[in-house]
Engineer: 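Dropping a structure here in structure tokens format, bear with me for questions.
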Amino acid sequence: MSKTSMTEGKNVPNSSADVPFRSKELRKQSLIQHTGLVGVIDEGTKTIGFSIYTTPDFKEIAAHRVELGVISSQDGWYEQDPLEMMASINKCAEEAIKQLPELGFSSSDIITVGITNQRETTIVWDAVTGKPLYNAIVWKDIRTSSTVEQIVAKVQDPNYFKRRTGLPISTYFSALKIRWLKDNVPEVRQACREKRCKAGTVDSWIIWNLTNGALHITDVTNASRTLLMNLETQNWDPVLLKTFAIREEMLPSIHSCSEVFGKITSERSALRGITLSGILGNQQASLLGQMCVKPGQTKNTYRSGCFLLCNTGDKPVFSSHGLLTTVAYKLGPQAPTIYALEGSVSVAGHALSWLQQKVRLLPDSRDAEKYAEAVPTAGDVYFVPAFTGLYAPYWRQNARGIIIGLTQFTRKNHIVRAALESICFQTRDILECMHQECGYDINKLHADGKLTTNNLLMQLQADTAGLPLFRSQLMDSTAFGAAMCAAQAEGIGLCKFEPEKRYYENVHYDTFLPTTTEQEREERYGKWKRAVERSLGWVIKQKKTRTHTEENYRMLSSLPASIFLISTFAMLVHSLSATVKS
Ligand SMILES: Nc1ncnc2c1ncn2[C@@H]1O[C@H](COP(=O)(O)OP(=O)(O)O)[C@@H](O)[C@H]1O
Ligand SMILES: O=P(O)(O)OC[C@H](O)CO
């Protein structure tokens with residue numbers, strides 16, 4: 001393995017996935033400075049955490065993390081309980097704060113709090129009672145597939161949504177989820193009629209709760225993932241609101257990522273009285289945490305999914321089909337908006353969890369490295385984990401997972417290795433797209449996320465992409481980026497945003513260099529592409545949208561959905577002709 005370390009004397013990563021710093025020495029050093037603290041709520045799809053950082057050196061000194069359950073009542077449906085989410089956030093903050101006294105701090109040293117969250121996941125709630133009206137519909141949920149297919153079939157301009165929002169139409173984004181909730185959940189419809197219904201991404205739900213309903217806000221990064229925000233104006237797009245029949249009053253107001261938003265007032269929160277000054281989608285936060293602040297700088301976060309973002313500076317770059325154009329960050333109301341191109345992979349670490357939990361081929365996903373290392377290659381086995389279709393650069397919801405190339409000699413080790421390689425190949429798909437469609441030549445890749453503890457995965461990635469890979473020793477670049485974002489807000493002033501300086505002071509990297517020849521790389525990548533081809537188009541017709549266990553929703557679902565489609569297309573035709581006339 002061709003791994004070198006840029007950190008003196010501590011190049012062996014800590015294998016515990018629960019310790020955010022790979023090296024415990026960093027944790028000790030963090031006590032050297034005694035300045036104001038900044039807290040970060042990190043609400044990921046699987047893990048919720050609260051971490052506390054010193055400033056201006058940004059060392060994590062305390063943290064507590066818990067896992068958040070997923071409710072999956074039918075194939076392709078993923079929901080989470082918004083109340084469990086809030087209870088977990090409050091628990092994490094309480095537990096992390098309890099760790100402060102023995103470190104010589106107290107909760108009053110926390111000057112401000114930032115939030116970073118799983119994006120696109122959508123929650124609707126009652127503004128009067130503050131109660132959720134349904135479970136959160138998670139980003140990877142594909143219940144709106146048939147609606148998407150019908151819209152795609154009707155819209156003549158394939159880039160209609162992309163030009164306005166930077167995004168293709170997909171089940172991934174919030175607009176379709178809000179629309180589904182309005183069409184299928186009677187309580188939501190009634191609350192809408194009575195103008196009591198509020199909607200938002202997870203950041204908005206958290207802030208509403210922490211401020212007892214005083215603030216219904218979001219930031220540009222989260223808003224840019226809804227399919228409702230106009231990338232140019234950075235406001236809710238009136239045409240798209242009409243298209244999806246969503247009223248603006250339901251939605252939060254859009255802000256920059258870093259400003260004083262208000263104070264936490266919830267009596268349930270140990271953070272009561274502390275200012276809120278940062279909001280960032282979690283992939284944007286890790287871009288910032290990886291210090292990818294110059295155009296061309298690129299990071300890939302390896303968790304359940306995999307999200308590769310390339311900073312494109314203050315101009316949005318549009319890809320003709322494969323990649324998303326998204327807001328990377330806007331560090332203050334007057335600061336420039338910085339954009340990114342993103343390639344999203346729906347299934348990365350999730351493939352290992354599947355091998356562990358469903359197929360029981362692995363005792364634990366953390367054993368993947370050991371199993372895969374026991375064989376020198378994947379034995380010509382290719383695994384395309386298209387469990388809910390394929391995201392970037394294919395955007396094919398009709399793909400399904402395949403494992404191909406099996407022979408009588410195939411062992412489980414080959415399949416585990418093929419699962420690791422699938423993460424690398426999917427990443428290469430995105431790098432290729434960045435090069436071919438947008439002319440970006442990425443010459444190195446920054447990596448973070450829980451899965452990066454897997455040294456073999458890192459080496460396979462360098463070998464598959466033919467690029468040096470820099471693995472951050474800060475396993476949690478996400479919370480780190482969110483901490484910097486909140487701390488530098490005007491009026492907080494815990495630090496100036498000086499990425500160059502912090503890059504060298506605090507963030508250490510292990511590097512993995514490619515060991516393959518170009519010919520080897522191309523041969524294997526060519527086979528991967530053939531495997532992907534075979535996974536496409538497997539689902540011939542999507543099942544009709546059907547609500548799950550609640551029998552009483554069933555009848556209601558088809559009627560409003562058809563009304564929605566008719567009205568959507570009428571509005572689309574209307575708005576398209578209006579656009580053409582103007
Ligand atoms: N040490 C490890 N080695 C390999 N895979 C891991 C390891 N730790 C976690 N994973 C994988 O990472 C994913 C979870 O990462 P996490 O950051 O908790 O998720 P999320 O991004 O969904 O919040 C799981 O799919 C799991 O299979
Ligand atoms: O919580 P993660 O790491 O799975 O991130 C989810 C992404 O934000 C979805 O777009």
Side-chain angles (χ1 to χ4, degrees), residues 13-20 22 41-49 65-70 78 80 85 88 115-122 136-141 167 170-174 177 201-203 221-222 224-227 280-287 289 299-309 324 326 340 342-359 361-373 385 387-388 391-392 416 419-420 423 448-458 460 475-479 481-482:
N14 190 323
S15 62
S16 161
D18 298 316
V19 180
R22 292 178 200 277
I41 296 170
D42 180 358
E43 199 287 328
T45 316
K46 190 154 187 260
T47 309
I48 291 185
R65 294 179 176 82
V66 295
E67 292 211 340
L68 182 66
V70 175
Y78 295 91
Q80 288 180 318
M85 211 178 253
S88 304
I115 295 175
T116 181
N117 56 288
Q118 54 169 317
R119 308 158 308 161
E120 301 95 17
T121 299
T122 302
I137 302 188
V138 177
W139 55 275
K140 58 186 165 186
D141 184 294
L167 313 172
S170 161
T171 55
Y172 184 15
F173 307 112
S174 315
K177 302 180 198 295
T201 39
V202 169
D203 53 313
T221 64
N222 278 292
S224 76
R225 315 294 297 191
T226 56
L227 207 67
L280 267 177
N282 59 5
Q283 302 307 324
Q284 283 84 343
S286 72
L287 186 77
K299 71 91 199 183
N300 200 11
T301 300
Y302 298 79
R303 291 169 48 158
S304 302
C306 207
F307 300 90
L308 192 146
L309 271 76
L324 312 179
T326 202
E342 171 173 329
S344 330
V345 170
S346 174
V347 176
H350 184 51
L352 303 177
S353 307
W354 177 76
L355 288 176
Q356 175 199 340
Q357 291 157 9
K358 301 284 164 65
V359 193
L361 214 106
L362 268 176
D364 191 292
S365 48
R366 281 171 292 194
D367 296 322
E369 182 168 15
K370 196 173 68 194
Y371 273 61
E373 253 175 359
F387 297 157
T388 52
Y391 281 5
V416 173
L420 291 181
I423 300 169
D448 67 284
K450 263 191 195 166
L451 248 90
T452 61
T453 48
N454 188 318
N455 289 319
L456 178 63
L457 174 73
M458 296 292 94
L460 289 171
M475 204 175 340
D476 208 339
S477 307
T478 304

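In what follows, residues are counted from 1 in the order of the sequence shown. Both ligands and their constituent atoms are indexed starting at 1 by order of listing.
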Engineer: Flag Ser353 as yes when one of its N or O atoms lies below 3.5 Å from any N or O atom of ligand 1, and as no otherwise.
Structural biologist: yes

Engineer: Among all residues two or more places apart in sequence or in another chain, which pass the side-chain contact (heavy atoms from CB on, under 4.5 Å) test with Ala419?
Structural biologist: Leu352, Leu355, Phe383

Engineer: Treating Ser286 as the side-chain partner and Gln284 as the backbone partner, does any N or O pair qualify as donor plus acceptor under 3.5 Å?
Structural biologist: no

Engineer: Could you tell me which atoms of ligand 1, counted from 1 in the order shown, lie closer than 4.0 angstrom to a heavy atom of His350?
Structural biologist: 25 (O)

Engineer: Answer yes or no: is there a side-chain heavy-atom contact under 4.5 Å between Ser344 and Arg225?
Structural biologist: yes

Engineer: Below 3.5 angstrom, do we get any N/O pair linking Gly44 and ligand 1?
Structural biologist: no

Engineer: Kindly identify the option in Ser304, Ala348, Ala368 whose heavy atom sits closest to atom 20 (P) of ligand 1.
Structural biologist: Ser304

Engineer: Where do Thr221 and Arg119 land on the side chain to side chain contact (heavy atoms under 4.5 Å, CB included) test, with the steps shown first?
Structural biologist: CA-CA 9 Å; Thr221 64; Arg119 308 158 308 161; over 6 Å; no

Engineer: Which atom pair, heavy atoms only, marks the closest approach of Gln356 to Ser365?
Structural biologist: OE1-N, 3.1 Å

Engineer: Which option out of Leu355, Thr452, Val138, Leu451 puts a heavy atom nearest to atom 12 (O) of ligand 1?
Structural biologist: Leu451

Engineer: Check ring pair (Phe, Tyr, Trp, His ring centres under 6.0 Å) between Phe387 and all other residues, then give those that pass, not counting sequence neighbours.
Structural biologist: His350, Trp354

Engineer: Is the closest N or O pair between Asn454 and ligand 1 shorter than 3.5 Å?
Structural biologist: no

Engineer: Got a sec, which residues hit ring pair (Phe, Tyr, Trp, His ring centres under 6.0 Å) with Phe307, two or more places apart in sequence or on another chain?
Structural biologist: Trp139

Engineer: Do you know which of Val416, Asn454, Leu420, Leu457 makes side chain to side chain contact (heavy atoms under 4.5 Å, CB included) with Glu369?
Structural biologist: Asn454

Engineer: Using heavy-atom distances, let me know which of Lys140, Lys450, Gln283 sits nearest atom 16 (P) of ligand 1.
Structural biologist: Lys450

Engineer: Report yes or no: do Thr301 and Asp448 form a side-chain donor-acceptor pair below 3.5 Å?
Structural biologist: yes

Engineer: Put together the list of close N/O pairs, under 3.5 Å, between ligand 2 and the protein, could you?
Structural biologist:
{"from": "ligand 2", "atom 1": "1 (O)", "to": "Thr45", "atom 2": "N", "distance (Å)": "2.8"}
{"from": "ligand 2", "atom 1": "1 (O)", "to": "Thr45", "atom 2": "OG1", "distance (Å)": "2.8"}
{"from": "ligand 2", "atom 1": "1 (O)", "to": "Asn282", "atom 2": "ND2", "distance (Å)": "3.0"}
{"from": "ligand 2", "atom 1": "3 (O)", "to": "Arg303", "atom 2": "NE", "distance (Å)": "2.9"}
{"from": "ligand 2", "atom 1": "3 (O)", "to": "Arg303", "atom 2": "NH2", "distance (Å)": "3.4"}
{"from": "ligand 2", "atom 1": "4 (O)", "to": "Thr45", "atom 2": "OG1", "distance (Å)": "2.8"}
{"from": "ligand 2", "atom 1": "5 (O)", "to": "Asn282", "atom 2": "ND2", "distance (Å)": "3.1"}
{"from": "ligand 2", "atom 1": "5 (O)", "to": "Gln283", "atom 2": "NE2", "distance (Å)": "3.3"}
{"from": "ligand 2", "atom 1": "8 (O)", "to": "Arg119", "atom 2": "N", "distance (Å)": "3.1"}
{"from": "ligand 2", "atom 1": "8 (O)", "to": "Arg119", "atom 2": "NE", "distance (Å)": "3.0"}
{"from": "ligand 2", "atom 1": "8 (O)", "to": "Asn282", "atom 2": "OD1", "distance (Å)": "2.7"}
{"from": "ligand 2", "atom 1": "10 (O)", "to": "Arg119", "atom 2": "NE", "distance (Å)": "3.3"}
{"from": "ligand 2", "atom 1": "10 (O)", "to": "Arg119", "atom 2": "NH2", "distance (Å)": "2.9"}
{"from": "ligand 2", "atom 1": "10 (O)", "to": "Glu120", "atom 2": "OE1", "distance (Å)": "2.6"}
{"from": "ligand 2", "atom 1": "10 (O)", "to": "Glu120", "atom 2": "OE2", "distance (Å)": "3.3"}
{"from": "ligand 2", "atom 1": "10 (O)", "to": "Tyr172", "atom 2": "OH", "distance (Å)": "2.7"}

